[in-house]
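Just below is one structure, and these are the notes that go with it.
All ligand and atom numbering here is 1-based and tracks the order in the structure.
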Amino acid sequence: MNHFEVRDGELACEGVPLSRIAEAVGTPVYVYSTATLERHFTVFRDAMAGLGRGEPLIAYAVKANSNLSVLKTLADLGAGADTVSEGEVRRALAAGVPPERIVLSGVGKTSAELAFAIDVGVAEINVESEPELERLARIAADKGARAQIAIRVNPDVSAGGHAKIATGKADNKFGVSMAEAERLYARASNNAGLRPVGVACHIGSQITSLEPLEAAFGKMRALVERLRAEGLAVDRLDLGGGLGVPYFNQPEPPAPSDFAAMIRRTLGDLDVGLAFEPGRVIAANAGVLVSRVIHVHDRPEGQRFLVLDAAMNDLIRPAMYDAYHDIQPVRPPAADAAVEAYDVVGPVCETGDTFARGRPLPRLASGDLVAFMSAGAYGATMGSEYNTRPLAPEVLVRGDQYAVVRPRPTYEEMLAREPLAPWL
Ligand code: LLP
């Protein structure tokens with residue numbers, strides 16, 4: 001469920017018509033709904049409540065949507081943060097997430113990033129390889145500190161979905177094998193600079209079936225039991241993110257309540273604290289990208305291009321993962337209006353800058369507004385300034401108010417970031 005609905009004849013975010021934001025802020029523009037963010041987080045949190053030892057840590061995956069106002073909205077509800085860089089840790093802290101709710105993951109954390117995480121005192125550094133374990137132990141020892149770590153395990157499970165976002169197969173770059181995890185956990189337990197608090201996994205993103213997750217969690221359970229049998233303490237099991245969302249034309253993914261029931265079945269009696277790293281399921285349907293039609297290019301040969309002012313630099317998912325985003329006219333036409341098939345494209349100089357081919361849409365004309373739905377996760381965060389197009393601004397709505405929470409940079413600001421080499 002989300003809070004983008006037609007009201008008084010046009011698409012609105014909560015109480016604010018999208019056209020009002022488009023007029024005031026310009027297009028393309030990302031628009032986020034506070035009510036949807038809050039709803040998705042509380043539904044997830046409430047579904048997981050009571051699972052495992054103590055209250056589960058719900059560490060929102062910052063990479064999905066890292067706008068500070070989005071983070072603060074979630075932090076105010078008690079969300080932690082799953083981060084993958086020093087920058088993301090800094091964002092989480094700036095938004096008020098306490099260090100004891102921050103998890104740091106990633107296959108290639110630099111020594112500076114590890115040192116920073118130790119200084120901040122994050123809840124858990126997810127160690128993804130033996131060289132990283134050794135480097136972290138040295139950095140912690142130099143500081144006279146003890147880093148709280150989890151070993152990120154690659155459970156060798158195929159999660160389905162797009163190959164570019166599957167992470168849990170043995171040939172993916174993430175984590176270590178079950179056997180390695182056992183050895184490294186024991187090694188870390190004997191190291192004065194490290195305190196292993198648990199084990200972690202994350203098998204992919206946009207997962208629409210519980211089966212691969214259940215298979216992975218079963219393997220993680222067995223690992224926890226083996227570690228405990230060796231006399232090692234395992235306080236936390238971090239189950240990662242990955243729960244998919246409906247992108248309009250796909251099978252309905254499992255609800256958080258189904259996910260929770262599966263966890264109760266698989267891990268219910270394990271007596272371990274649980275952590276989750278949901279990103280997409282919180283943010284995707286809480287945001288849209290609003291764009292204006294530049295013109296319609298009707299080829300005499302029959303092809304019809306809908307040329308928008310948004311491009312692959314603003315929303316790269318269709319170009320990168322062949323992802324489907326529903327496109328809705330901001331002013332829906334009459335029910336009997338003609339529908340036409342459009343190739344929906346942006347202005348960037350690449351054929352890959354195509355959002356959809358042959359998409360049936362009501363007849364549109366220059367100046368009309370459209371909204372890319374489900375663009376709140378991995379939309380703005382993956383944006384770039386390719387073709388020297390300014391980053392799309394971000395707007396947060398709450399009831400009948402809205403605020404620009406990241407302005408569009410001016411061309412002057414963009415050019416000023418690049419000092420000329422002194423010899424030029
Ligand atoms: N935890 C870890 C360690 C991750 O690598 C990820 C996502 C998450 C949590 C959050 O997963 P989620 O709940 O959002 O599925 N850019 C791609 C998605 C990349 C996901 C990367 N890792 C896309 O637009 O589909």
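- Nearest protein heavy-atom neighbour of atom 21 (C) of ligand 1: K63 CD, 3.9 Å.
- Using modelled atom types, no side-chain atom of E214 and backbone atom of L210 make a donor-acceptor pair closer than 3.5 Å.
- Using a 3.5 Å distance cut-off with no hydrogens or angles, the side chains of E14 and Y402 do not pair a donor with an acceptor.
- Geometrically, ligand 1 and L243 share no nitrogen or oxygen pair separated by less than 3.5 Å.
- Counting only heavy atoms of the protein, atom 20 (C) of ligand 1 lies nearest to Y378 OH, 3.6 Å.
- Counting only heavy atoms from C-beta outward, the side chains of E55 and M48 never approach each other to under 4.5 Å.
- Considering backbone and side-chain N/O atoms, S105 never comes within less than 3.5 Å of an N/O atom of ligand 1.
- Per-residue contacts place G279 under 4.0 angstrom from the following atoms of ligand 1 (heavy atoms of the residue considered): 12 (P), 13 (O), 14 (O).
- With 3.5 Å as the limit, one finds no donor-acceptor pair spanning the side chains of Y60 and R101.
- Counting only non-hydrogen atoms, the option in Q206, R280, E128, E277 that gets closest to atom 9 (C) of ligand 1 is E277.
- The shortest contact between atom 8 (C) of ligand 1 and any protein heavy atom is with H202 CE1, 3.3 Å.
- With respect to the salt-bridge test (charged N to carboxylate O, under 4.0 angstrom), the residues R183 and E130 qualify.
- A cation-pi geometry, defined here as NZ or CZ lying under 6.0 Å from the six-membered ring centre and within 45° of its normal, holds between R359 and Y324.
- Applying the 4.0 Å criterion to heavy atoms of P278 picks out, from ligand 1, the atoms 13 (O).
- For the pair N65 (side chain) and G376 (backbone), a donor-acceptor distance under 3.5 Å is present.
- Among the atoms of A64, none of the N or O lies under 3.5 angstrom from an N or O of ligand 1.
- In this structure, atom 19 (C) of ligand 1 lies nearest to the protein heavy atom I165 CG2, 3.7 Å.
- Without hydrogens or angle criteria, R357 side chain to D343 main chain gives no donor-acceptor distance under 3.5 Å.
- Atoms CZ and CG, on F41 and D76 in that order, are 11.0 Å from each other to the nearest 0.5 Å.
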How far apart are the C-alpha atoms of F305 and Y342, what are their side-chain angles, what is the distance that settles it, and do they pass the ring-ring contact (aromatic ring centres under 6.0 Å, His included) test?
CA-CA 6 Å; F305 292 100; Y342 291 96; over 10 Å; no
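- What you find for V234 and Y185 is that their closest heavy atoms are CA-OH, 3.6 Å.
- Here is the list of ligand 1 atoms found below 4.0 Å of a heavy atom in D82: 1 (N), 2 (C), 9 (C).
- Atom 15 (O) of ligand 1 has S205 OG, 2.4 Å as its closest protein atom, hydrogens excluded (heavy atom only).
- Put simply, no part of V281 is less than 4.0 Å from ligand 1, judged by heavy atoms.
- In summary, the atoms of ligand 1 found under 4.0 Å from a heavy atom of R152, numbered by their order in the structure, are 3 (C).
- For atom 17 (C) of ligand 1, the nearest non-hydrogen atom of the protein is Y321 OH, 3.2 Å.
- Protein heavy atom in closest approach to atom 24 (O) of ligand 1: R317 NE, 2.6 Å.
- Within the 4.0 Å heavy-atom cutoff, G240 does not count among the residues contacting ligand 1.
- By the criterion of a heavy-atom distance under 4.0 Å, neither the backbone nor the side chain of M320 is placed next to ligand 1.
- Close approach to G241 involves these atoms of ligand 1, each under 4.0 Å from a residue heavy atom: 9 (C), 13 (O).
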